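Let me begin by presenting the structure, written as structure tokens, before commenting on it.
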Protein chains: 2
Amino acid sequence: MVKRTSFAGDACPIARSLDALGDWWSLLIIREALFGVRRFGEFQNKLGMAKNILAARLRSLVDHGILETAPASDGSAYQEYVLTPKGRGTFPILVALRQWSEEFDDRPEEIATILVDREKGRPVKKLEMRAADGRLLSPADTTLKPRPTPRRRSAR
Amino acid sequence: MVKRTSFAGDACPIARSLDALGDWWSLLIIREALFGVRRFGEFQNKLGMAKNILAARLRSLVDHGILETAPASDGSAYQEYVLTPKGRGTFPILVALRQWSEEFDDRPEEIATILVDREKGRPVKKLEMRAADGRLLSPADTTLKPRPTPRRRSAR
DNA sequence: CTTGTGTGGTTGCATCATAAAACCAAATGG
DNA sequence: CCATTTGGTTTTATGATGCAACCACACAAG
């Protein structure tokens, strides 16, 4: 198999995520979708990508349950691509990517937009990792444990 | 230019991040590096990837300032690849990817590990987006603003 | 009903990136 | 000093990407 290696069977959740949205375009398509883009041509205009790979990506995202096709919304006979809950769940990933660029990009002056909260218009806080009890965690404060085998009818 | 389109000049910070680490392997290499992997062969063993593309990815990550080569650490004459602060700054991205998989994966039972805090051994909390004043934000609570032109000697 | 136009794709190449395996040189190890 | 490990590069085959051309359908005008 000389195919581009698939991570779908990998046990690491990061690899599994990358299998669904680790290519060059998927996250940008999702970004547009989060901003309300729904139509094929609209994606194509905003992203400036080739139509064939847009079609391929949309199909892949639909297959992965990130987008779904809806019959219409403005009455036209065409279909739309809308995010599923799983798709909307990628939002923190996009925010993390954005914040990483904002913090570490070599040419931050080229960054055109900042993410603010709608109510106050102020930048959102950096994502932070917290323990279950709320303590702020650094990478070094964390470790990996094997996933516990899920008991049927476990406590609670 | 038929080359794989580069997002380096794009004004969107998400695209800029993807330009550095949006390929199939970079984030997995960084994941290993965050767990202390430093040597070429060690990356190659853990990730099971072809050596040529590992070499290419390592070079790219060094070029992007995510890894840097250090002369040694155990006295041997070989070199090591260690994360820069910029590289360690990708941690929230990896956590977001991991949590997305944990929450939405179709076969969560195949996920082998969970991320816990070292002290209590309990899973880390989901990343949450908060406003500057601490209010919890949903995607719909946010919007994009054009980046303010940075004044030299601006107020504070 | 025929022609035109926009939307939403698919199909053909040309080129690039990726993957596997072979090869290779320097550093260690005995 | 000879063998093996480490850390790669080269070679070659194949898949993915990008662009342009083509095409089918919906819808509207004449």
Side-chain angles (χ1 to χ4, degrees), chain A residues 1-10 15 18-29 32-33 36-64 67-82, chain B residues 1-10 15 18-29 32-33 36-64 67-82:
Chain A
M1 177 165 60
V2 192
K3 277 190 66 165
R4 158 165 289 174
T5 47
S6 162
F7 302 128
D10 199 298
L18 290 176
D19 188 66
L21 32 83
D23 70 288
W24 289 94
W25 289 110
S26 291
L27 281 169
L28 294 177
I29 292 172
E32 297 302 329
V37 172
R38 292 157 167 261
R39 296 285 282 259
F40 186 94
E42 214 177 345
F43 284 110
Q44 213 250 317
N45 284 335
K46 300 252 186 182
L47 294 172
M49 65 192 293
K51 300 202 289 180
N52 53 349
I53 81 167
L54 173 58
R57 285 294 156 267
L58 289 173
R59 220 170 318 166
S60 161
L61 289 170
V62 169
D63 287 347
H64 277 96
L67 292 175
E68 58 188 3
T69 54
S73 86
D74 61 343
S76 96
Y78 297 116
Q79 68 180 351
E80 299 183 336
Y81 297 89
V82 297
Chain B
M1 179 163 60
V2 191
K3 276 190 65 165
R4 158 165 291 177
T5 46
S6 162
F7 302 128
D10 200 298
L18 291 176
D19 188 66
L21 31 84
D23 69 287
W24 289 94
W25 288 110
S26 292
L27 281 168
L28 294 177
I29 292 171
E32 296 302 329
V37 172
R38 292 157 167 262
R39 297 283 283 258
F40 186 95
E42 215 177 344
F43 284 110
Q44 213 253 316
N45 283 335
K46 300 252 185 182
L47 293 172
M49 65 194 293
K51 300 201 290 180
N52 54 350
I53 80 167
L54 173 58
R57 285 292 155 267
L58 289 174
R59 221 169 319 170
S60 160
L61 289 170
V62 169
D63 288 347
H64 278 96
L67 292 175
E68 58 188 2
T69 54
S73 86
D74 60 344
S76 95
Y78 297 117
Q79 68 179 352
E80 300 183 338
Y81 298 89
V82 296

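On a predicted model such as this, the values are computed, not experimentally measured, just so you know. Naming convention: chains lettered A, B, ... in sequence-line order (proteins, then strands); numbering from 1 in each chain.
When heavy atoms are screened at a 4.0 angstrom cut-off, A:F43 is found touching no nucleic acid atom at all. Across all strands, A:A50 comes closer than 4.0 Å to base atoms (heavy-atom distances).
Spacing between atom CG of A:D23 and atom C1' of C:dT18 amounts to 15 Å, rounded to whole angstrom units. Spacing between atom CZ of B:F40 and atom C1' of D:dG7 amounts to 6 Å, rounded to whole angstrom units. Atom CD1 in B:I53 sits roughly 16 Å away from atom C1' in D:dT12 (whole-Å rounding). The distance from atom NZ of A:K51 to atom P of C:dC13 is 19 Å, rounded to the nearest whole Å. The interatomic distance linking A:R57 (CZ) with C:dG8 (C1') rounds to 18 Å, in whole Å. Rounded to a whole Å, the CG atom of B:L47 is 15 Å from the P atom of D:dG8. Atom CG of A:L67 and atom P of C:dG8 are 15 Å apart (whole Å). Atom P of nucleotide D:dT17 and atom CD of A:Q44 are separated by 16 Å, given to the nearest angstrom.
Look at B:R38 and B:D74 and you find no salt bridge, because none of the NZ, NE, NH1 or NH2 atoms lies under 4.0 Å from a carboxylate O.
Checking C:dA27, C:dG9, C:dA17 against every side-chain atom of B:A77, the shortest atom distance belongs to C:dA27. In this structure, of D:dT6, C:dG8, C:dA20, it is C:dA20 that holds the atom nearest to the side chain of B:N52. For B:S76, whose side chain is taken as the heavy atoms from C-beta onward, the closest listed nucleotide among C:dT18, C:dG9, C:dT28 is C:dT28.
Within the 4.5 Å cutoff, the side chain of B:L61 has heavy atoms near those of the B:I29 side chain.
Here B:Q79 does not reach the OP1 or OP2 of D:dT6: none of its side-chain N or O atoms lies under 4.0 Å away. Applying the 4.0 Å criterion to OP1 and OP2 of C:dA17, one finds that B:W25 has every side-chain N and O outside that range. Of the side-chain N and O atoms in A:R59, none sit less than 4.0 angstrom from OP1 or OP2 of C:dG9. Phosphate contact (OP1/OP2 of D:dG8, side-chain N/O of B:R39, threshold under 4.0 Å): absent.
Ring orientation note: the planes of B:W24 and A:F7 are tilted relative to one another, at an angle of 30° to 60°.
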Quick one: do A:H64 and A:L21 satisfy side chain to side chain contact (heavy atoms under 4.5 Å, CB included)? Show the steps, please.
CA-CA 9 Å; A:H64 277 96; A:L21 32 83; over 6 Å; no
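Contact of A:Y78 with C:dG6 (side chain to base): a donor-acceptor pair of N or O atoms is detected under 3.5 Å.
Checking side-chain atoms of A:Q44 against main-chain N and O of A:M49 turns up a donor-acceptor pair under 3.5 Å.
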